[in-house]
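A short write-up of the structure that comes next.
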Amino acid sequence: MQRHVKKRPNIVLIGFMGTGKTSIGRRISSQLRMRYVDTDEIVERDSRRRISDIFAEDGEPAFRELESEAVRKVSKLHNHVISTGGGVVLKEANMTELKRNGIIFCLTATAEEIYKRVGHQTHRPLLQDPDPLAKIQSMLTERQSYYAKADHMISTTGRSFGEIITHIKRMFRKNIGNPK
Ligand code: S3P
């Protein structure tokens, strides 16, 4: 007899760089026994290049094309936790794809908090700026209305991973009609 496994929708994490999508996504995936994928990792794997090299050699629009390809791939999945790059929201088509099988959670943090978490890191091309805090502030303002298209907004400032994960799991269960 064939066993019917219920197809759970994906948990999709969007949000600005440094809001914890990867760390939180990996933990949720193991707790809920869902597989984990990350659009940035898919771009790097498929192109065999680092994101910083793609930006430097071919520019941001080329990266955005590869990112959209990765989004189209992951949007066909079920039962996955999908972590995305911070700029995935900029194209409406990406959001339409991700919403097809997914519930979208946007992780948020203040500009100061993001700066503390990632301001010193060198692998994010968009933050290699003489004044990273000002850059974060202006990008957050520009992107605010895009992030607000998520199904749920989850603040991460001053909250532990455990608290954030409990919140996301609760919202997810409600969304899929299993409030336990
Ligand atoms: C970007 C965020 C990065 C990566 C790329 C561009 C952005 O991902 O996709 O550097 O436009 O915000 P993370 O949010 O995982 O750092």
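Quick caveat, the model's predicted, so the values are computed rather than measured. Index from 1, following the sequence.
- Rounded to the nearest 0.5 Å, atoms CG (Asp38) and NZ (Lys21) are 8.0 Å apart.
- Looking at Lys73 and Glu69, no side-chain N of the basic residue comes within less than 4.0 Å of a carboxylate O on the acidic one, giving no salt bridge.
- The number of heavy atoms from other shown groups lying within 6.0 Å of CD (Glu57) is above 12.
- Defined by atom type and a distance below 3.5 Å, a donor-acceptor pair is present between the side-chain atoms of Lys91 and Ser68.
- In Tyr146, the OH atom is not crowded: 12 or fewer heavy atoms of neighbouring residues, nucleotides or ligands sit closer than 6.0 Å.
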**Request:** Tell me, with the steps shown, if Lys169 and Gln31 meet side-chain contact (heavy atoms from CB on, under 4.5 Å).
**Result:** CA-CA 9 Å; Lys169 288 199 304 198; Gln31 290 184 23; 2.6 Å; yes
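- Defined by atom type and a distance below 3.5 Å, a donor-acceptor pair is present between the side-chain atoms of Ser160 and Glu163.
- Counting non-hydrogen atoms of other residues, nucleotides and ligands closer than 6.0 Å to CD of Gln121 gives a total above 12.
- Proximity of a side-chain donor or acceptor of Asn79 to a complementary backbone N or O of Met34 within less than 3.5 Å is not detected.
- Both Val89 and Ile136 belong to a common hydrophobic cluster when Ile, Leu, Val, Met, Phe, Trp and Tyr are linked at side-chain heavy-atom distances under 4.5 angstrom.
- Summarising the geometry, atom OG1 belonging to Thr96 is positioned 12.0 Å from atom CZ belonging to Arg72; distances are rounded to the nearest 0.5 Å.
- With contacts defined as side-chain heavy-atom distances shorter than 4.5 Å, the pair Pro125/Phe63 does not qualify.
- Hydrophobic clustering of Ile, Leu, Val, Met, Phe, Trp and Tyr side chains at less than 4.5 Å, counting indirect connections, keeps Ile103 apart from Tyr147.
- The hydrophobic cluster containing Leu126 also contains Leu66, counting ILVMFWY residues as joined when their side-chain heavy atoms lie under 4.5 angstrom apart, directly or transitively.
- Residues Leu127 and Met17 are in side-chain contact: their nearest non-hydrogen atoms beyond the backbone lie under 4.5 Å apart.
- Using modelled atom types, one side-chain atom of Thr39 and one backbone atom of Gly85 make a donor-acceptor pair closer than 3.5 Å.
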**Request:** In sequence, state the C-alpha distance, the side-chain angles, and the governing distance for Ser75 and Asn101, and then conclude on side-chain contact (heavy atoms from CB on, under 4.5 Å).
**Result:** CA-CA 6 Å; Ser75 297; Asn101 294 331; 5.7 Å; no
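- Between His152 and Phe105, the ring planes lie parallel to each other; the angle is under 30°, not in the 30° to 60° tilted range.
- With hydrogens and angles ignored, the 3.5 Å screen pairs no side-chain donor or acceptor of Lys149 with any backbone N or O of Met95.
- Atom CD1 of Ile168 sits about 12.0 Å away from atom CZ of Arg173, to the nearest 0.5 Å.
- Between atom CZ of residue Arg170 and atom OG1 of residue Thr166 there is a gap of 6.5 Å, rounded to the nearest 0.5 Å.
- In this structure, Ile51 and Asp40 have side chains that are in contact, with non-hydrogen atoms separated by less than 4.5 Å.
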**Request:** Step by step, work out the salt bridge (Lys or Arg N to Asp or Glu O under 4.0 Å) result for Lys116 and Glu112.
**Result:** CA-CA 6 Å; Lys116 261 194 259 163; Glu112 291 72 21; over 6 Å; no
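- Ser23 contributes no side-chain N or O that, together with a main-chain N or O of Gly20, makes up a donor-acceptor pair within less than 3.5 Å.
- For Arg117, the salt bridge (charged side-chain N to carboxylate O under 4.0 Å, His left out) partners at least two apart in sequence or on another chain are Glu113.
- With Ile104 as the partner, the side-chain contact (heavy atoms from CB on, under 4.5 Å) test is satisfied by one option alone out of Ile11, Val12, Ile82: Val12.
- For the atom pair Ile154 CD1 and Cys106 SG, the distance stands at 9.0 Å (nearest 0.5 Å).
- Summarising the geometry of Ala150 relative to Ile14, their closest heavy-atom pair is CB-CD1, 4.0 Å, with the distance given to 0.1 Å.
- Within the 4.5 Å cutoff, the side chain of Phe161 has no heavy atoms near those of the Thr156 side chain.
- Proximity of Asn94 to Thr84: side-chain heavy atoms (C-beta onward) are nowhere separated by under 4.5 Å.
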**Asked** Would Glu41 and Val37 satisfy side-chain contact (heavy atoms from CB on, under 4.5 Å), going step by step from the backbone distance to the final call?
**Response** CA-CA 8 Å; Glu41 280 174 14; Val37 285; over 6 Å; no
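- Within a 6.0 Å sphere centred on OH of Tyr115, heavy atoms belonging to other residues, nucleotides or ligands number 12 at most.
- His80 and Arg8 are not linked by any side-chain donor-acceptor pair at a separation below 3.5 angstrom, with hydrogens and angles left out of the test.
- Looking at heavy atoms from C-beta onward, Ile28 lies out of side-chain contact with Phe172 at the 4.5 angstrom threshold.
- Without hydrogens or angle criteria, Arg33 side chain to Ser29 main chain gives no donor-acceptor distance under 3.5 Å.
- Rounded to the nearest 0.5 angstrom, Glu142 CD and Leu90 CG are separated by 8.5 Å.
- Salt-bridge formation is detected for the pair Asp58/Arg49: a Lys NZ or Arg NE/NH1/NH2 atom is positioned less than 4.0 Å from an Asp or Glu carboxylate oxygen.
- You'll find the side chain of Leu107 reaches within 4.5 Å of the side chain of Ile24, heavy atoms only.
- Annotation: side chain of Thr108 is not in contact with side chain of Thr19 (no heavy-atom distance under 4.5 Å).
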